Structures are given as C-alpha cells and as structure tokens.
Protein chains: 2
Amino acid sequence: VSGTPIGLIAGGGSLPLEAAVAARGAGREVFIAALRGSADEGAFAGFACESFGLGQLGGLLKAMRARAIREVALIGHVVRPGISDLKPDLGLLRHLPALKAAFERGDDGLLRGILDILDQEGLSARSVLDLAPALTAVTPGPIGRHRADEAAARQIALAQAALEALDALDVGQAAVAVGGRPVAIEGPEGTDEMLLRVAVMRERRRLRNGGGVLVKRPKRGQDLRVDLPTIGPSTVTRAREAGLQGIAVTAGVTLIAQKAETIRLADEAGLFIEALP
Amino acid sequence: VSGTPIGLIAGGGSLPLEAAVAARGAGREVFIAALRGSADEGAFAGFACESFGLGQLGGLLKAMRARAIREVALIGHVVRPGISDLKPDLGLLRHLPALKAAFERGDDGLLRGILDILDQEGLSARSVLDLAPALTAVTPGPIGRHRADEAAARQIALAQAALEALDALDVGQAAVAVGGRPVAIEGPEGTDEMLLRVAVMRERRRLRNGGGVLVKRPKRGQDLRVDLPTIGPSTVTRAREAGLQGIAVTAGVTLIAQKAETIRLADEAGLFIEALP
C-alpha cells in the first residue's frame with residue numbers, strides 16, 4: 001500500500017534494485033536488507049540499506065522493527081549456504097529446529113523457512129510479484145518484435161510437457177526442446193549452464209534440427225515468495241548462442257530482469273519472447 | 001543357431017569385438033561389417049571383416065549374401081550422419097524415401113530404418129541380446145561386491161520415476177538422483193557428459209547431499225535391435241568422479257562393456273552396480 005514501508009531482502013542480480021525503484025515509484029518507503037555474499041551491496045545508493053548474513057535473522061528483525069516495517073519481500077539470486085554455514089545469531093537460534101526441518105524438505109526449504117520465521121515474528125512475507133508487477137510479462141502474448149510461429153509453438157508445448165511430467169519430482173523450472181524432442185531439462189546447474197550445454201550439442205552435431213525453444217516457468221505449487229523463474233539479458237544471449245528461436249515464459253510469474261535491455265537483445269537477435277497464459 | 005553364420009554390423013567401442021567373440025564361442029561363423037567413421041576397423045583381427053559407410057547398403061548386402069548370411073545384428077556406438085551426408089549407393093537409393101521418413105520420426109530412426117530395409121532384403125535383424133546375452137547383467141541383483149542400501153534404493157526409485165515420467169517424450173536413457181531429487185536427466189549429450197555435469201554441480205556446491213545414483217535403462221518401447229543402454233568402465237569412473245554411490249541398470253537389457261573390468265573398477269571404488277528386474 002502506498003506510503004507503508006517495505007523491507008526488501010536483496011540477493012544478487014539487477015532485480016533487487018529494479019524492485020526497489022518500482023516500490024518507491026509506487027509511493028512506498030523502501031528499506032533494503034542486502035544479503036551478504038549474494039547482493040551487490042554497492043548497488044543501492046540512494047536507498048536505506050544494511051547488510052546481513054542469511055543467519056542474522058535477529059539483526060534483520062531488529063532493523064525492520066526500528067523502521068516500523070510490517071511487510072517484506074525477498075528478491076534476487078541467493079547463494080544458499082549449507083545449514084551448518086548459516087552462523088545463526090540469537091534471533092535465529094530458537095527457530096533453528098524448524099529451519100532445519102524445512103531445509104530437509106527441498107531446495108527452496110531454507111529460504112521458505114526463513115520467510116516463515118519472519119512471518120511468525122510479525123513480518124508478512126510478500127511475493128515481489130505483488131510489489132512490482134511490471135518486473136514480469138503482465139499479459140500473455142509476444143513481448144518484443146518477434147512471434148513464435150507454429151513450429152515453435154509445437155516445441156514450446158513439448159518442453160512444457162516435459163516440465164509438467166516432472167512437476168511432482170522437484171526437478172527444475174526450465175527445459176529446451178529442439179526438433180520435436182526435449183533435449184535439455186534444467187537441474188541445479190541452472191538455466192545458463194543448460195543453454196550452454198545445448199550450444200555444445202549443436203556444435204557437436206548431436207541435434208538433428210535447427211531452431212528450438214527455451215521454456216521457463218514456475219514449478220507446480222511453487223511458493224511465489226521465493227525463487228521465481230527469471231530470465232534476463234544473459235538468457236537471451238545464451239539462447240541465441242544455443243541457436244534457439246525464442247523463449248517462452250509464464251505471464252505474471254516469470255521475472256524479466258532488465259526488461260528493456262532483454263527485449264532489445266531479443267529483437268536484435270531475431271528471438272521471440274512469448275508470455276504464455 | 002550354432003553353425004549358421006551371423007553378420008555383425010559394428011559401430012564403435014569394445015562391444016562389437018566382445019559380441020563377435022561371444023558369437024564365435026557359441027559356434028557361429030562371424031562376418032563383421034565395420035561401419036566406417038564409427039568402428040575401430042583394426043580391432044577385428046582374426047575375424048572376416050570389411051568396411052562400409054552407413055549409406056553403402058548395396059555393398060553390405062552383397063557381402064552378406066556372398067557369405068550366405070541371413071541374420072545380422074547391429075552393435076556398438078554409431079556416429080550418425082545427417083541424411084544428406086549418407087552418400088547412398090545404388091542398393092540404398094531405392095529405399096531412400098522410406099529411410100527419410102524413418103529419420104524424421106526420431107533419433108533412432110536412421111538406424112532402425114536401415115535395419116528395416118535389411119529385413120526387407122531378406123536379412124533378419126536380431127538384437128545383440130539374443131546373440132550374446134552374457135554382455136548384459138543376466139539376472140536381477142547386485143553385480144560385483146557392493147550393494148545398494150535403502151537410501152540408495154530410494155534414489156534409484158526417484159531417478160526411475162523421472163525417466164518413466166518422460167517416457168512418452170523420447171528424452172533419454174539415464175538419470176541421476178541425489179538427495180531425494182533427480183538432478184540430471186540425460187539428453188543427446190550422453191551419459192558421460194551428464195555425469196561430468198553432476199561432478200561440476202558437486203564441486204560448485206549446488207548439491208545439498210552426498211551420494212546419489214545413476215540409473216540407465218531402455219526407453220519404453222525401445223527397439224532392442226538398436227541403441228541399447230550401455231555402461232562400461234568410463235561410466236564407473238565418471239560416476240565415481242560425480243560422487244555417486246552406485247549404478248542401477250536393467251537386467252537382461254542394459255549392455256555392460258568390458259564387464260570384468262567394469263566390475264573391478266566399481267568394486268575398487270566402492271560403487272554398487274545393481275541390476276533391476
């Protein structure tokens with residue numbers, strides 16, 4: 001709500017600053033808790049900002065309360081320590097058993113667990129999608145100049161089918177289909193590494209066909225407060241290097257870092273970016 | 001059948017020679033058609049052997065007929081040319097439209113198409129599994145000294161679940177699960193590259209847990225005459241480098257190249273190799 005302060009827990013990449021600017025533009029007072037080891041702490045000039053380790057929950061809560069902040073959002077890439085590297089302060093310590101249990105439950109467990117603890121401490125954790133909807137493709141359809149043709153639409157459906165088939169198994173948010181076949185499914189290596197792999201397959205003539213698409217979308221049942229699927233300029237560059245025709249994302253959910261630059265690069269490279277319903 | 005001649009169409013790796021030795025041991029007369037660009041043509045000393053390009057079907061048929069061969073089997077890794085690089089001889093030329101259609105249908109289409117043409121020409125294409133069953137794990141259970149424990153069995157089930165979920169989409173024959181999650185699914189890059197990727201994830205601390213397993217099995221509905229799932233010494237070495245606990249294969253179907261050496265390496269590294277029913 002305009003006027004009420006928001007605490008942004010910032011990881012790496014350009015999105016935290018973009019979210020901060022968007023929130024300020026919407027009339028909110030912004031405080032940034034930059035996560036040490038993840039955030040570029042120098043990026044937030046002009047904003048109130050302090051640094052915290054991921055385990056310093058007590059310190060973070062104190063800083064938020066001092067500013068009468070009741071809402072927080074987590075944004076940006078977080079380098080996740082092992083639970084034994086967390087170095088919990090006193091504020092986190094009493095929640096550690098719950099956090100450990102959450103951590104065991106999956107890849108996003110640690111971040112989700114921290115947000116749940118903030119929630120218990122009276123700080124409501126929001127999705128950055130509520131805070132800065134302009135960071136996504138708001139409506140379905142093409143973003144930028146190029147469109148997916150029918151052949152590309154078939155590859156999109158195939159990559160989606162692969163991701164849906166794996167939805168129950170917590171595998172990944174992205175897949176590439178080329179020539180009527182999913183050829184790469186993202187794991188913990190991340191989207192950029194997966195696209196690099198497709199470029200190598202192409203170089204080694206392991207792919208029969210040209211073209212192909214990248215699909216990036218949330219996992220089924222994804223917690224929209226953490227780890228949203230994200231594309232950005234490097235995704236476009238890697239997709240071009242992998243010889244793909246374009247990228248399909250989920251409207252309203254997949255974040256687009258440096259949107260204008262991402263679209264410009266895609267337009268220039270002849271790649272479509274299509275937002276799916 | 002003992003006494004009747006067999007034509008082995010040989011690709012790369014050690015398996016073609018192993019199959020030739022096994023077939024001769026079973027009392028069959030063996031003729032080897034070494035595929036140029038794929039087979040190690042010097043490997044077959046002591047066997048009748050000629051070299052053919054994949055497109056020289058007429059020449060291959062003539063050589064087989066001159067030896068009264070009625071059965072053939074394809075074994076070993078085949079470097080697949082694009083259909084435009086096939087350089088068909090006259091014997092293949094009249095089958096080219098059928099082969100092109102088969103090629104369009106998928107990754108194995110070219111090889112399956114060639115076997116179908118041989119079949120039409122009166123040469124029955126057999127699976128190497130019939131010819132040399134000892135090249136697989138014949139019965140379910142552990143091969144070698146180590147066994148999958150309960151935790152490993154759970155990872156095996158997860159990797160299998162991922163492969164089964166993707167069965168309809170013609171993705172791959174292998175997957176790795178670590179820490180309750182499939183972390184790598186094989187595409188056209190092949191099993192060794194996939195294991196290398198897991199080793200890199202581990203090095204970059206992208207995997208929460210130690211251990212994990214590789215599962216390698218045929219795709220559903222796989223044509224057992226071509227492209228059988230295969231493991232060998234390099235699979236064990238890469239699995240060890242990826243920090244895995246072991247390898248699960250399908251009894252009676254997954255080929256094991258240099259079986260004794262593969263088992264020795266696994267025993268030495270503390271890895272299990274488990275044949276699944």
Side-chain angles (χ1 to χ4, degrees), chain A residues 79-85 100 103-110 155 157-172 174-190 193-194 196-210 212 219 242, chain B residues 79-85 100 103-110 155 157-172 174-190 193-194 196-210 212 219 242:
Chain A
V79 179
R80 261 159 280 195
I83 197 137
S84 54
D85 302 319
K100 261 186 180 145
F103 192 57
E104 299 297 318
R105 276 197 299 273
D107 221 38
D108 306 335
L110 181 63
Q155 310 304 317
L158 270 169
Q160 274 188 304
L163 291 170
E164 271 161 32
L166 294 168
D167 248 339
L169 295 166
D170 185 28
V171 175
V176 172
V178 176
R181 190 182 168 196
V183 299
I185 293 164
E186 183 193 32
E189 77 277 14
E193 289 291 319
M194 178 185 64
L196 201 57
R197 176 159 97 240
V198 176
V200 172
M201 286 179 205
R202 187 146 270 158
E203 197 183 294
R204 294 183 183 170
R205 296 161 178 260
R206 297 279 179 94
L207 302 180
R208 261 179 315 142
N209 299 71
K219 298 179 201 169
Chain B
V79 180
R80 260 157 282 194
I83 197 138
S84 54
D85 302 319
K100 260 185 181 147
F103 192 58
E104 299 296 320
R105 276 199 297 275
D107 221 38
D108 305 336
L110 181 63
Q155 309 306 315
L158 271 170
Q160 275 189 304
L163 291 171
E164 270 160 34
L166 294 169
D167 248 338
L169 295 166
D170 185 28
V171 174
V176 172
V178 176
R181 188 183 169 196
V183 299
I185 292 164
E186 182 193 32
E189 76 277 13
E193 289 291 318
M194 178 186 62
L196 200 57
R197 175 160 96 241
V198 176
V200 171
M201 285 179 208
R202 187 145 272 158
E203 198 184 294
R204 294 183 184 168
R205 296 161 178 260
R206 298 279 180 94
L207 302 179
R208 260 179 317 143
N209 299 71
K219 299 178 200 169

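On a predicted model such as this, the values are computed, not experimentally measured, just so you know. Throughout, a chain's letter reflects where its sequence line sits, starting with A, and its residues are numbered from 1.
R205(A) meets the salt bridge (charged side-chain N to carboxylate O under 4.0 Å, His left out) test with no other residue; sequence neighbours excluded. The side chain to side chain contact (heavy atoms under 4.5 Å, CB included) check on A174(B) picks up E186(B), T191(B), M194(B), L214(B), K216(B), with sequence neighbours excluded.
With a 4.5 Å cut-off on non-hydrogen atoms, A161(A) touches chain B through its backbone and its side chain both. Using a 4.5 Å cut-off between heavy atoms, A184(B) does not touch chain A at all.
In this structure, E193(B) does not pair ionically with R206(A), as no charged nitrogen and carboxylate oxygen lie closer than 4.0 Å.
In terms of heavy-atom pairs under 4.5 angstrom with chain B, the leader among L207(A), V198(A), I185(A) is I185(A).
Taken to the nearest 0.5 Å, the CG atom of L166(B) stands 4.0 Å off from the CG atom of L166(A).
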